[in-house]
Amino acid sequence: MKSKSILVTGSSGLIGSEVVAYFAANAWQVHGVDNNMRADFFGPQGDTRWNLSRLQQTYPSFTHHELDIRDRAGVQRLVGEVRPAAIVHAAAQPSHDLAATRAFDDFDVNAVGTLNFLEAMRRACPEAPFVYMSTNKVYGDAPNEIPLRELEWRWDYADPEFENGIRETFRIDQSKHSIFGASKVAADVMVQEYGRYFGMPTCCLRGGCLTGPNHSGVELHGFLSYLIKCNLEGRTYRIFGYKGKQVRDNIHSYDVARFIDRFIDAPRQGEVYNLGGGRANSVSILEAFKLIESVSGTPMRYEYVDRNRIGDHMCYISNLDKMRRHYPGWDITKDLKTTFVEICSAWNKRAAA
Ligand SMILES: NC(=O)c1ccc[n+]([C@@H]2O[C@H](COP(=O)([O-])OP(=O)(O)OC[C@H]3O[C@@H](n4cnc5c(N)ncnc54)[C@H](O)[C@@H]3O)[C@@H](O)[C@H]2O)c1
């Protein structure tokens, strides 16, 4: 029997490469799309070619396509040729801060690039599940309106309504998103619309902090990957505002791939899910320092900049109830400590190579 094929955009990035590995290991033909634009966005530190080589050497069923997702005709040609049984769209300009200096590139990649794939899929294979990597920045800075309490090492929600985190019903407009957040909102709503209007099996995964050993972490994107890299190299990490007590919930890319697999197996139309590590995998910057010091044995060097990033969340924890309810059996399998250890050893291995 011919194996099914899946198309993965952003395949040399953190999430894309994890999805490639996951589906290739499960006997799918995997087509990846990436043009290494991360290196253009972030310079040599963001270069993803090492990850592409790793995938090509490890998975014979993986085919790489050097394609810019802004190339509408090229996207239509590729989707028409491959006619994938599913698509995972993870290519993006992923940084809040960078977007402000490259507004056209940000919107063309994030919003228009997503529309290019939605429309190509509608024409060639509308029945194929379409998974879009959205972001919790679609909620803008509205989560900062939730009353907080200050603890010794972190901010936390003071309102018991949010004890288990933020739900998908949280409002997405009338707040400050960053230019990045706004382009992702455009794509997120369009992905929902192709589900509702055209009946396509689409979903938006509104990521908190997605992390894992194969991130090319840089200061502007890849929170834990970059923080751990700084620790290992003895570099100074800069904390931007909020006393270093800002909280992120972190999910390992493997658990993201497992959820995507479940959705593709039993898709729904126009769904949204908040996808993060939940309360159990939440950590503040100061807490992350303590954890990495305990893993690596190296003290963290840092400086404090008394200015928060524009629109940055003070405390963001994803409520995972809807994911668990729709896909029973799926849950987080990698806790924070495991994830730290994996990222640590991946950076050490890459440094040695
Ligand atoms: N990592 C996180 O913490 C996080 C959090 C929330 C949402 N997300 C979303 O998840 C998705 C994946 O994030 P990631 O961390 O894997 O990012 P990443 O930067 O590691 O991967 C994205 C990949 O897309 C490629 N790319 C960018 N522009 C392209 C273009 N024009 N054509 C072809 N390829 C292009 C890049 O080269 C890169 O390899 C993104 O949509 C991001 O917004 C990530």
Side-chain angles (χ1 to χ4, degrees), residues 7-21 31-43 45-52 54-55 64-72 74-75 78 88-96 98-99 102 104-114 116-117 131-139 177-178 180-188 191 204-218 220-227 248-253 256-257 259-260 273-277 281 313 316 318 339 343:
L7 191 62
V8 182
T9 75
S11 46
S12 307
L14 168 76
I15 296 303
S17 64
E18 186 78 54
V19 171
V20 168
H31 292 266
V33 170
D34 205 299
N35 67 347
N36 197 28
M37 200 163 176
R38 189 172 172 91
D40 178 64
F41 289 139
F42 303 118
Q45 300 293 324
D47 200 306
T48 57
R49 272 172 302 192
W50 65 274
N51 208 11
L52 169 61
R54 182 182 68 86
L55 295 174
H64 174 67
H65 302 271
E66 189 80 19
L67 175 68
D68 189 325
I69 66 167
R70 295 170 295 178
D71 173 359
R72 183 169 298 159
V75 166
L78 178 67
V88 179
H89 177 37
Q93 186 302 104
S95 161
H96 319 165
L98 189 76
R102 295 183 62 169
F104 287 122
D105 290 339
D106 179 80
F107 198 85
D108 287 344
V109 172
N110 289 352
V112 183
T114 301
N116 288 345
F117 275 99
V131 178
Y132 170 58
M133 297 308 301
S134 185
T135 169
N136 63 12
K137 291 306 290 181
V138 300
Y139 300 117
H177 291 81
S178 78
F180 159 80
S183 68
K184 295 292 274 189
V185 166
D188 183 298
V191 170
C204 301
L205 303 182
R206 295 177 172 167
C209 272
L210 317 179
T211 193
N214 294 316
H215 220 179
S216 310
V218 291
L220 289 179
H221 183 246
F223 163 51
L224 283 185
S225 170
Y226 179 71
L227 184 147
R248 303 282 175 266
D249 68 330
N250 303 277
I251 180 168
H252 192 292
S253 47
V256 175
F259 184 80
I260 290 172
Y273 297 99
N274 286 348
L275 168 90
N281 272 7
H313 294 146
Y316 190 93
S318 317
T339 303
I343 297 176

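Every number for a ligand or one of its atoms is a count from 1 in the order of the listing. Scope of the values below: all heavy atoms of this structure, side chains included, with no hydrogens, waters or symmetry mates.
Contact check for R38 versus V218: side-chain heavy atoms found under the 4.5 Å cut-off. E18 has its side chain out of reach of V256: every pair of non-hydrogen atoms, C-beta onward, lies at least 4.5 Å apart.
In this structure a side-chain-to-backbone donor-acceptor pair under 3.5 Å is missing from D34 to G32.
Atom CZ of R102 has more than 12 neighbouring heavy atoms from other residues, nucleotides or ligands inside a 6.0 Å radius.
Ring planes of Y139 and Y316: parallel class, angle under 30° (limits at 30 and 60°).
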Within the protein, flag every N or O under 3.5 Å from an N or O of ligand 1, and note the pair and distance.
unit_1: ligand 1; atom_1: 1 (N); unit_2: L210; atom_2: O; d: 3.3
unit_1: ligand 1; atom_1: 1 (N); unit_2: H221; atom_2: NE2; d: 3.4
unit_1: ligand 1; atom_1: 3 (O); unit_2: L210; atom_2: N; d: 3.0
unit_1: ligand 1; atom_1: 3 (O); unit_2: L210; atom_2: O; d: 3.3
unit_1: ligand 1; atom_1: 15 (O); unit_2: H215; atom_2: NE2; d: 3.0
unit_1: ligand 1; atom_1: 16 (O); unit_2: L14; atom_2: N; d: 3.2
unit_1: ligand 1; atom_1: 16 (O); unit_2: I15; atom_2: N; d: 2.9
unit_1: ligand 1; atom_1: 19 (O); unit_2: R38; atom_2: NH1; d: 2.7
unit_1: ligand 1; atom_1: 20 (O); unit_2: L14; atom_2: N; d: 3.0
unit_1: ligand 1; atom_1: 31 (N); unit_2: D68; atom_2: OD1; d: 2.9
unit_1: ligand 1; atom_1: 32 (N); unit_2: N35; atom_2: OD1; d: 3.3
unit_1: ligand 1; atom_1: 32 (N); unit_2: I69; atom_2: N; d: 3.0
unit_1: ligand 1; atom_1: 34 (N); unit_2: N35; atom_2: N; d: 3.4
unit_1: ligand 1; atom_1: 34 (N); unit_2: N35; atom_2: OD1; d: 3.2
unit_1: ligand 1; atom_1: 37 (O); unit_2: D34; atom_2: OD1; d: 2.8
unit_1: ligand 1; atom_1: 37 (O); unit_2: M37; atom_2: N; d: 3.0
unit_1: ligand 1; atom_1: 37 (O); unit_2: R38; atom_2: N; d: 3.1
unit_1: ligand 1; atom_1: 39 (O); unit_2: G13; atom_2: N; d: 3.2
unit_1: ligand 1; atom_1: 39 (O); unit_2: D34; atom_2: OD1; d: 3.4
unit_1: ligand 1; atom_1: 39 (O); unit_2: D34; atom_2: OD2; d: 2.7
unit_1: ligand 1; atom_1: 41 (O); unit_2: M133; atom_2: O; d: 3.2
unit_1: ligand 1; atom_1: 41 (O); unit_2: K184; atom_2: NZ; d: 2.7
unit_1: ligand 1; atom_1: 43 (O); unit_2: K184; atom_2: NZ; d: 3.0

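In this view, D106 and Q93, N110, S183 satisfy the side chain to side chain donor-acceptor pair (under 3.5 Å) rule, not counting sequence neighbours.
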